[in-house]
Colleague: 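Take this structure first; my questions come after.
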Amino acid sequence: MILKIIFWILLFIIVYTYVGYGILLYAIIKIRRVFNIGQKKAIDTTYEPEVTLFIAAYNEKDYVAAKMKNSLELEYPKEKLNIIWVTDGSDDGTPDLLKGYPNTTVHHLDARNGKIGAMNRGMAFVKTPIVIFSDANTNLGKQSIRRIVNLFSSPKVGCVSGEKRIVDKETDVASGAGEGLYWKYESTLKKWDAELYSVVGAAGELFAIRTELYRHVEKDTILDDFIISLRVAQDGYTIQYDPDAYAIETASANVKEELKRKIRISAGGIQSIVRLRSLLNVFKYGTLSFQYISHRVLRWSLTPLCLILLIPVLSILAIQEGLFTLAMYPVFFWLQVLFYAAALLGWFLENRETRIKLLFVPYYFFIMNLSVVLGFFRYLKKSQSVNWERSKRAA
């Protein structure tokens, strides 16, 4: 009986984390729509302040020309769009390549202090009411700046997250297919989170805050975008989201590169849970805490452990009832075996392009949770550098 109770608790946490929260979120939103509860006011499209596009870069000479071409073609008044590059530690000629571009200033130091060091230093040069952060290796949709600024017309909004889009190819390998499908699901959850109250964390590829709300972040911070955005939410503002304000980039070159990236993110997620532990107080933060725990905390902490524990617990229950019977626990056991067999098939097909991208979902799901376990040990060892090691991207 104890094992059965443990099994159902484990299964509930796993299903709630990856499927149940989305279903519950959608149900709440539908009910609120029917009764016209919490409907947001119309966006003021005439709101048009000066903004700063802030790019922290390290040795990005291969992306400078494309990034600047994209930035200067964004549909926002040129006289109101300032571009700042902070190129600390770059020794590949990146600062020199940026000279001569209009509305662009470059702040360079020879020493490399990591992305967060560059952001903390560079924010002193931002004089506009809104600052928009973007990566050097991503291109933005032409309407992205304007759509982000429109959401700031509400004084309750302190941060706006854009969408990260992965280049969608007709055929793809495991890393590209898995990452693309994952971000499509995340985009849906973010839209619903924003409608309920607030998004829980911004994507570093494209997000913006009110400049006055920026607080210096600890120099060993791994997930700067997550910490910055949620501290804005802790101050009583909301994080809003517009999927039509987007940054587009290619997927990781392969699963090995994607795993490397996700281990870093997972280590940063655990660090963030520790640093933002006050957000776990639902009595103080209410809906924000509910969203934060459901959408982020469970994924980065309890749920991967539940997946591991489910294997021996379900195996024992299935053996007790007879592995080859049609009883409930043996059926669950064989479904679990089928899932991991599908993940193994995904590994076998890892670098083979296919149109049937759903084949890679179990494998990508497995890699995501493996990265959390490995990221946890990396966090404990304090071996994660704050300097990003660029992962190889798909061609």
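Note that these values count all heavy atoms, side chains included, but never hydrogens, waters or copies made by symmetry. Please read all numbers here as calculations on a predicted model, not as lab measurements. Sequential numbering from 1 along the given sequence is applied to the chain's residues.
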Colleague: Which residue in the set Lys190, Arg33, Gln240 passes side chain to side chain donor-acceptor pair (under 3.5 Å) when paired with Glu195?
Modeller: Arg33
Colleague: Consider side-chain contact (heavy atoms from CB on, under 4.5 Å). Of Tyr241, Phe207, Tyr237, which one does Cys159 pass it with?
Modeller: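 Exactly one option meets the side-chain contact (heavy atoms from CB on, under 4.5 Å) with Cys159, and it is Phe207.
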Colleague: Do Asn70 and Tyr63 have side-chain atoms, one donor and one acceptor, less than 3.5 Å apart?
Modeller: no
Colleague: Verify the distance criterion only: is there a donor paired with an acceptor across the side chains of Asn120 and Tyr214 at less than 3.5 Å?
Modeller: yes
Colleague: Is any NZ, NE, NH1 or NH2 atom of the basic residue among Arg231 and Glu218 found under 4.0 Å from an Asp or Glu carboxylate oxygen of the other?
Modeller: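 A salt bridge links Arg231 with Glu218.
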Colleague: How about Tyr285 and Tyr292: are their ring centroids closer than 6.0 Å?
Modeller: no
Colleague: Side chains of Thr221 and Arg275: do they bring a donor and an acceptor to under 3.5 Å?
Modeller: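 Looking only at side-chain atoms, Arg275 and Thr221 do form a donor-acceptor pair, the distance falling under 3.5 Å.
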Colleague: Hey, can you tell me if Tyr26 and Trp192 have their rings parallel, tilted or perpendicular (30° and 60° cut-offs)?
Modeller: tilted
Colleague: Looking only at side chains, do Lys164 and Thr138 share a donor and an acceptor under 3.5 Å apart?
Modeller: no
Colleague: Stepwise, does the ring pair (Phe, Tyr, Trp, His ring centres under 6.0 Å) test hold for Phe324 with Trp334?
Modeller: CA-CA 9 Å; Phe324 301 102; Trp334 289 112; 5.7 Å; yes
Colleague: Determine, using the 4.5 Å side-chain heavy-atom cutoff (strictly less than), whether Met68 and Tyr76 are members of one ILVMFWY cluster.
Modeller: yes
Colleague: Please report the interatomic distance OG(Ser144) to CG(Asp244), rounded to the nearest 0.5 Å.
Modeller: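 One gets 8.5 Å once the value is rounded to the nearest 0.5 Å.
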Colleague: Is any side-chain N of the basic residue among Glu186 and Arg299 closer than 4.0 Å to the acidic one's carboxylate O?
Modeller: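 Salt bridge flag = yes for Arg299 with Glu186.
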Colleague: Test of understanding: clusters of I, L, V, M, F, W, Y form through side-chain heavy atoms closer than 4.5 Å, transitively. Do Leu314 and Trp8 belong to the same one?
Modeller: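 Per the 4.5 Å side-chain linkage, Leu314 and Trp8 are co-clustered.
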Colleague: Does the pair Glu163/Arg165 count as a salt bridge with the N-to-O cut at 4.0 Å?
Modeller: yes
Colleague: Would you verify whether the NZ or CZ of Lys382 falls within 45 degrees of the ring axis of Tyr379 while also being under 6.0 Å from that six-membered ring's centre?
Modeller: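 Yes - Lys382 lies over the ring of Tyr379, closer than 6.0 Å to its centre and within 45° of its axis.
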Colleague: Looking only at side chains, do Glu50 and Asn82 share a donor and an acceptor under 3.5 Å apart?
Modeller: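 A pair is found: one side chain offers a donor N or O, the other an acceptor, under 3.5 Å apart.
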Colleague: Pick from Ile293, Val15, Asp193, Leu298: which one makes a side-chain contact (heavy atoms from CB on, under 4.5 Å) with Tyr21?
Modeller: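 It is Asp193; the other options fail the test.
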Colleague: For the atom pair CD1 (Ile270) and CD1 (Ile265), what is the distance rounded to the nearest 0.5 Å?
Modeller: 12.5 Å
Colleague: Does the side chain of Thr238 come under 3.5 Å of the side chain of Tyr197 through a donor N or O and an acceptor N or O?
Modeller: no
Colleague: Minimum heavy-atom separation for Ile55 to Asp135, with atom names?
Modeller: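 Closest heavy-atom pair between Ile55 and Asp135: CG2-C, 4.3 Å.
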Colleague: Would you say that Leu72 contacts Pro102 through its side chain, given a criterion of any heavy-atom pair below 4.5 Å between the two side chains?
Modeller: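 Touching, per the 4.5 Å side-chain cut-off.
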Colleague: Is a donor on one side and an acceptor on the other found under 3.5 Å between the side chain of Asp91 and the backbone of Asn59?
Modeller: no
Colleague: Could you label the plane-to-plane angle of the Tyr329 and Phe7 rings as parallel, tilted or perpendicular, counting under 30° as parallel and over 60° as perpendicular?
Modeller: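 Perpendicular, since the angle between the ring planes exceeds 60°.
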Colleague: Using the side-chain contact (heavy atoms from CB on, under 4.5 Å) rule, take Val217 and Met119 through it: C-alpha gap first, then chi angles, then the decisive distance, then the call.
Modeller: CA-CA 9 Å; Val217 182; Met119 292 175 74; over 6 Å; no
Colleague: Assert yes or no for the condition that the ring centre distance of Phe226 to Trp300 is strictly below 6.0 Å.
Modeller: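 They qualify: ring centres under 6.0 Å apart.
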Colleague: Can you tell me how far CG of Leu151 sits from CD1 of Ile148, rounded to the nearest 0.5 angstrom?
Modeller: 8.0 Å
Colleague: Rounded to the nearest 0.5 Å, how far apart are NE2 of His108 and CG of Leu98?
Modeller: 11.0 Å
Colleague: Do the charged groups of Arg147 and Asp242 touch, with an N to O distance under 4.0 Å?
Modeller: yes
